[in-house]
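Below, chain A is the first sequence line, B the second, and so on; all start at residue 1.
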Amino acid sequence: MVAVAQHPNIELITYAEVTGVTGYIGNFNVTIKKKPKYVDWDLCTGCGTCIEKCPTKKIKDEFELGLGLRTSIHMVYPQAVPGKPFIDADNCTKLTKNKCGVCEKVCPTKAIKFDDKEEFINKEVGAIVMATGYDLFNWEEAYGEYGYGKYPDVISGLHFERLVSAGGPTGGKIKRPSDGKEPKSVAFIKCVGSRDDTKGKSYCSRACCMYTAKHAYQVKDKIPDSEAYVFYMDVRTAGKNYEEFYQRALNAGARYIRGRVSKIYPRGDRLVLKSEDSLLGRPVEVEADMVVLATAMVPAAGSDELARTVGFSMDKDGFYQEAHPKLQPVETFAAGVFLAGTCQGPKDIPDTVAQASGAAAKVLGLLSKTRLATEPMVSEVDINKCSGCGLCVPICPYNAITLEEIQERGHHGPITRNVAVVNSSLCQGCGACVPACRTAALNTKGFTDDQLVAEVDAICL
Amino acid sequence: MSKRVGVFVCECGTNIASVVDTARVAEEAGKFPGVAFATTYKYMCSDPGQELIRKSIEEQKLEQVVVASCSPRMHENTFRKAVAAGGINPYLFEMVNIREQDSWVHSDREEATRKAIDLVKMGVSKVLRNQPLQISTIPVTKRALVIGGGIAGMQAALDIAEGGHQVILVEREASIGGKMTQLDKTFPTMDCAA
Amino acid sequence: MSIDSKTSWQPRIIVFACNWCTYAAADLAGLNHLQYPADVRIIRTPCSGRMDPMLVMRAFNRGADGVLLSG
């Protein structure tokens, strides 16, 4: 991460979103919205005094998925890159009620800027890599049998990551969210939202089998005399050293039960899981202190809107559509736009890194060229037929057509008149202008009226 | 412009030939007005297949080429190059899709073959009206944009930057790192994620 | 997906398919080997915006039984 921030060739723009893309391969013009941070990061040294002194301390920390608390002026997490704080405007009493302003007073470099506004900047780029990642499937809305989220000790795998992380809210001690007790029995349920056509998604999320094995191993490793139960449909360990890792979890004592959990309900301060063991063909009941759900990966919130902004397509599940499932896995149908990571489909870290390097190789190939050959199948105007009516101008989605004045020799001296002119590097050859032309002066090369009529006639005659 | 169309029908191993009677397609194609030469080959996109196109252009003095094979979205550029290597403008070429839109979606041999013949007829009819086109070039801005600063975006940005080009990395949150930074140790090596 | 094709009448249907979506989708149908009746003939267009009503009229005029514009 630090390598990214320090690289002389990388300009890092955080807390910002891409809101507009125009142009085409090799020549995109991108509009970037920088959201107000209320801290001038050029002045800020990241000393952290403001965070220490901020009186609004009881906000649920998004990074800790609500398992920890944070202040209003904060960093995403303590090791954030760049290591500078920003103000959460919705929860800042200065910005909402004009009271407080403590951070401004304590800041030694006068970096606090309560009048910060959002800012739009434009950048010219030749290629775009999409790496918008994933979110977790919202199981609380779909899985009533697991309590719709009303049991605090039924958590997602990402919550578990925070509980087991040395940098997390519990300092790496596994404690259950409801009462902070160390769970002696932890149950894991795989494929929550994945491989479930009725309530979730039809696809396999690919990383869950492995991280659940890791979680089960961590429970056995960190909590003495603990039990780790894993309810599964299949165990899929297709990756280098993956099967060996799964065996390691089994050897550590994780108990794998093949079956879908049909219901979770409380008994005392514990949770009861009703399932079947489909290998033994009989029902099972497990009591657990905590339940961890391996929820499906879904496309990141807002990724659909971004795809429309940049101008390429998505698949049925909202993941970004690659140009070919086998032969062009990092390209999109939009030339010059490439895909990296889970925005294209669920995958684990090694696959993500591999695809990102693949996308980078494609970008480097493109940027190594000084000039790029263009598709010659674009529209052209026969100026002898063009009446200069201009109907085609607003129809062109790429603003490639303009009206220009030309001079001609007439019977009584020179005449000036308007004709349509197509800019061949802006024109994408869609041909939308052709039907609009009343004098048939416009034609799209490679798809002329003559050619298309010939095809129609060939079938019918 | 003279009209001497060459039609090349690909069998794609058995992908096309098992459903479409390619020999009959070539035979029928040979009768279409303007067609001077029609043949089949097992894999038209292979080196010998492309060589067949190139040599036929030379020997048969072909002026336009139609290849009936897979989708143009797959191999249009391959065949444009082959046609250009034979000395014809690469846009005096049409591709006819008798795999994705014929042999793979139909099972009745007679109907599929008739469809293939029709599709080739359309292609021949169109190519006779094709004009030679010239490729022009546009400049390239030597800078990349990476949207998303998680593990994928960081890796892509670093690789491009290491390749010597400028990268703009845009991240929605105030810190890069993404979901990866929320993870503890990662499988299968149990090294730390951050 | 399957469409019953066991009727004796064979219509002549012309599809004008946008290269970027419908034509790609027809290719995808092929990749997945989804079977459909062999009566359709697809004409590739660079975009559905290219479609001229004249082409539809031409198709019907020359005896097409159906025209599908998709993009």
Subject >> Check: Gln182(B) side chain, Phe63(A) main-chain N or O, donor-acceptor pair, under 3.5 Å >> reply: yes
**OP:** Could you tell me whether the side chain of Arg371(A) and the main chain of Thr137(B) form a donor-acceptor pair under 3.5 Å?
**Re:** yes
**OP:** Heavy atoms only, distances under 4.5 angstrom: which of Ala157(B), Ala174(B), Pro188(B), Gly153(B) has the most pairs with chain A? Name it, please.
**Re:** Ala174(B)
Original post:
What part of Lys35(A) lies closer than 4.5 angstrom to a heavy atom of chain B: side chain, backbone, both or neither?
Top reply: side chain
Original post:
Given the options Lys84(A), Lys33(A), Glu64(A), Glu375(A), which has more heavy-atom pairs under 4.5 Å with chain B than any of the others?
Top reply: Glu375(A)
Subject >> From Met130(A) atom CE to Ile147(B) atom CD1, the distance as rounded to the nearest 0.5 Å >> reply: 4.0 Å
Subject >> Max heavy-atom pair count under 4.5 Å with chain A, selected residue of Arg172(B), Met154(B), Arg73(B) >> reply: Arg172(B)
Original post:
In terms of the angle between their ring planes, are Tyr242(A) and Phe187(B) parallel, tilted or perpendicular, with boundaries placed at 30° and 60°?
Top reply: perpendicular
Original post:
With distance as the sole test, does Thr14(A) use its side chain to make a donor-acceptor pair with the main-chain N or O of Glu171(B) at under 3.5 Å?
Top reply: no
**OP:** Could you tell me which non-hydrogen atom of His324(A) sits nearest to which non-hydrogen atom of Met74(B), and how far apart they are?
**Re:** NE2-SD, 4.4 Å
Subject >> Carboxylate-amine/guanidinium proximity below 4.0 Å for Asp184(B) and Arg162(A) >> reply: no
Original post:
Does Ala356(A) offer a backbone N or O that forms a donor-acceptor pair with the side chain of Asp159(B) under 3.5 Å?
Top reply: no
**OP:** Using the ring of Tyr217(A) (Phe, Tyr or Trp, six-membered ring only), decide whether Lys185(B) places NZ or CZ under 6.0 Å from its centre and within 45 degrees of its axis.
**Re:** no
**OP:** Pick one of side chain, backbone, both or neither for Leu163(A), based on which atoms fall under 4.5 Å of a heavy atom in chain B.
**Re:** neither
Original post:
With only heavy atoms counted, which part of Phe245(A) is less than 4.5 Å from chain B, the side chain, the backbone, both or neither?
Top reply: side chain
Subject >> Donor-acceptor contact below 3.5 Å, side chain Lys126(B) vs main chain Asp450(A) >> reply: no
**OP:** Considering non-hydrogen atoms only, spot the tightest contact between Ile160(B) and Leu364(A) and give its length.
**Re:** O-CD2, 3.7 Å
Original post:
Given that the side chain runs from C-beta out, which part of Glu62(A) has a heavy atom under 4.5 Å from chain B: side chain, backbone, both or neither?
Top reply: backbone
Original post:
chain B heavy atoms under 4.5 Å from Leu12(A): which part of the residue, side chain, backbone, both or neither?
Top reply: both
Original post:
When heavy-atom pairs shorter than 4.5 Å are enumerated against chain A, which of Gly123(B), Gly148(B), Gly178(B), Ala152(B) gives the highest number?
Top reply: Ala152(B)
Original post:
What part of Val4(A) is in contact with chain B, defined as an atom under 4.5 angstrom from a non-hydrogen atom: side chain, backbone, both or neither?
Top reply: both
Subject >> Option in Ile176(B), Asp118(B), Leu133(B), Leu158(B) with maximal non-hydrogen atom pairs under 4.5 Å from chain A >> reply: Ile176(B)
Subject >> Residue among Val170(B), Val146(B), Ile135(B), Thr189(B) with most heavy-atom pairs under 4.5 Å to chain A >> reply: Val170(B)
Original post:
Hey, does the side chain of Ser125(B) reach the backbone of Ala458(A) with a donor-acceptor pair shorter than 3.5 angstrom?
Top reply: no
Original post:
Looking at Ser175(B), Gly164(B), Ala144(B), which makes the most heavy-atom pairs under 4.5 Å with chain A?
Top reply: Ser175(B)
Subject >> Under 4.5 Å from any heavy atom of chain B - which part of Tyr246(A) >> reply: neither
**OP:** With side-chain contact (heavy atoms from CB on, under 4.5 Å) as the test, would you mind laying out the steps for Leu367(A) and Val140(B) before giving the verdict?
**Re:** CA-CA 7 Å; Leu367(A) 298 188; Val140(B) 176; 4.1 Å; yes
Subject >> Main-chain N/O of Gln166(B) paired to Asn9(A) side chain as donor or acceptor, under 3.5 Å >> reply: no
Original post:
With a 4.5 angstrom heavy-atom cut-off, which part of Gln134(B) approaches chain A: side chain, backbone, both or neither?
Top reply: backbone
